[in-house]
Amino acid sequence: MRTARGGEVWPVADVLAYLAGSWRVHRSVRDLASGEEGRFTGTTAFEALDGGGLLHLESGTFVWRGVARPAHRTLRFLPGAAPGTADVRFADGRPFHDLDLRSGRHSAGHPCAADLYRGEFTVRDADHWRTVWRVGGPAKDLVLTTDYERDA
């Protein structure tokens with residue numbers, strides 16, 4: 001099977017095993033209403049959690065309207081209901097979305113107040129994956145595209 005760079009995806013038998021380690025992160029943020037664009041550059045570390053799963057620690061710099069600010073977030077990737085999948089949660093334990101990359105691609109949704117986040121996850125190869133979140137609703141009209149490259 002060819003990589004997504006050639007138009008196809010790369011299946012992942014165990015999402016937690018695949019994600020473990022450090023990744024370089026490049027994210028573009030487009031506000032579809034205003035046309036403004038921002039970018040995030042940083043790293044994400046997926047570290048083992050006691051009892052199973054991974055702690056996702058993202059940190060870097062977010063540039064919006066020419067202003068650079070430090071940015072970070074923490075998520076928990078726990079073993080999912082089916083082998084090889086994950087249950088993604090916010091740092092405080094609230095559910096975010098499920099993640100199943102066994103086919104190399106996954107779609108997920110998350111309601112946030114009146115807005116809806118719809119995510120597409122694509123594994124390109126052993127060292128590259130991408131997420132595209134489309135956020136729509138009364139408060140937001142955004143597309144967030146994030147490329148991850150394994151930090152060797």
* Structure fact -> dist Thr131:OG1 -> Asp147:CG (nearest 0.5 Å) comes out at 8.0 Å
* Which atom names give the shortest non-hydrogen contact between Leu75 and Phe96, and what distance separates them? -> CD2-CD2, 4.1 Å
* **Side chain proximity check, Phe62 to Val29, heavy atoms < 4.5 angstrom** => yes
* To do: State, with a plain yes or no, whether a side-chain heavy atom of Phe40 is found less than 4.5 Å away from one of Trp64.
  => no
* Structure fact -> Residues Ala108 and Phe121: closest non-hydrogen pair is CB-CE1, 4.1 Å
* So how far is it from Asp127 CG to Arg150 CZ, rounded to the nearest 0.5 Å? -> 5.5 Å
* To do: Would you give the length of the straight line joining atom CG of Leu142 to atom CD of Glu37, rounded to the nearest 0.5 angstrom?
  => 11.5 Å
* Could you check if a side-chain atom of Leu101 sits within less than 4.5 angstrom of a side-chain atom of Pro11, using non-hydrogen atoms only? => no
* Joint cluster assignment, Leu54 & Val25, ILVMFWY side-chain distance < 4.5 Å -> yes
* Heavy-atom side-chain contact between Lys140 and Asp31 under 4.5 Å -> no
* **Full working for salt bridge (Lys or Arg N to Asp or Glu O under 4.0 Å) between Glu120 and Arg105** => CA-CA 7 Å; Glu120 293 289 330; Arg105 180 166 296 184; 5.5 Å; no
* Asked: Can you find a heavy atom in the side chain of Thr41 that is under 4.5 Å from one in the side chain of Thr61?
  -> no
* Val123 side chain reached by Val12 side chain, heavy atoms, under 4.5 Å -> yes
* **Exercise: identify the closest heavy-atom pair between His97 and Gly109** => CB-O, 4.2 Å
* Minimum side-chain heavy-atom gap Thr122-His128 below 4.5 Å -> no
* **Leu55: side-chain contact (heavy atoms from CB on, under 4.5 Å) partners, not counting sequence neighbours** => Leu49, Leu57, Thr74, Arg76
* From Trp23 CH2 over to Asp151 CG, what is the distance, rounded to the nearest 0.5 angstrom? -> 10.0 Å
* **Donor-acceptor contact present, side-chain Arg102 to main-chain Asp14, <3.5 Å** => no
* To do: Specify the closest pair of heavy atoms between Pro79 and Gly52, including all atoms of both residues, with the distance to one decimal.
  => CD-C, 4.1 Å
* Would a 4.5 Å heavy-atom cut-off, applied to side chains only, mark Arg73 and His56 as touching? -> yes
* Asked: Mind checking what makes side-chain contact (heavy atoms from CB on, under 4.5 Å) contact with Ala48, not counting sequence neighbours?
  -> none
* Which pair of non-hydrogen atoms, one from Thr145 and one from Val143, has the smallest distance, and what is that distance? -> OG1-CG1, 3.9 Å
* Go through Tyr18 and Phe46 one step at a time and tell me if the side-chain contact (heavy atoms from CB on, under 4.5 Å) criterion holds. => CA-CA 10 Å; Tyr18 174 75; Phe46 287 91; over 6 Å; no
* Structure fact -> Exactly one candidate in His26, Arg27, Arg130 meets side chain to side chain donor-acceptor pair (under 3.5 Å) with Thr146; the answer is Arg27
* Asked: Excluding sequence neighbours, so at least two apart, what forms salt bridge (Lys or Arg N to Asp or Glu O under 4.0 Å) with Asp115?
  -> none
* **Any residue meeting ring-ring contact (aromatic ring centres under 6.0 Å, His included) with Tyr148, in chain and number order, not counting sequence neighbours** => Trp129
* Atom CG in Asp100, atom OG1 in Thr85: separation rounded to 0.5 Å? -> 5.5 Å
* For Ser59, all residues meeting side-chain contact (heavy atoms from CB on, under 4.5 Å), sequence neighbours excluded -> Thr43, His72
* Could you tell me which non-hydrogen atom of Ala86 sits nearest to which non-hydrogen atom of Phe77, and how far apart they are? => CB-CD2, 4.4 Å
* Structure fact -> Output for pair (Tyr117 OH, Leu144 CG), nearest 0.5 Å, gives 7.5 Å
* State yes or no: are the ring centers of His110 and Phe90 separated by less than 6.0 Å? => yes
* **With sequence neighbours excluded, residues passing ring-ring contact (aromatic ring centres under 6.0 Å, His included) with His106** => none
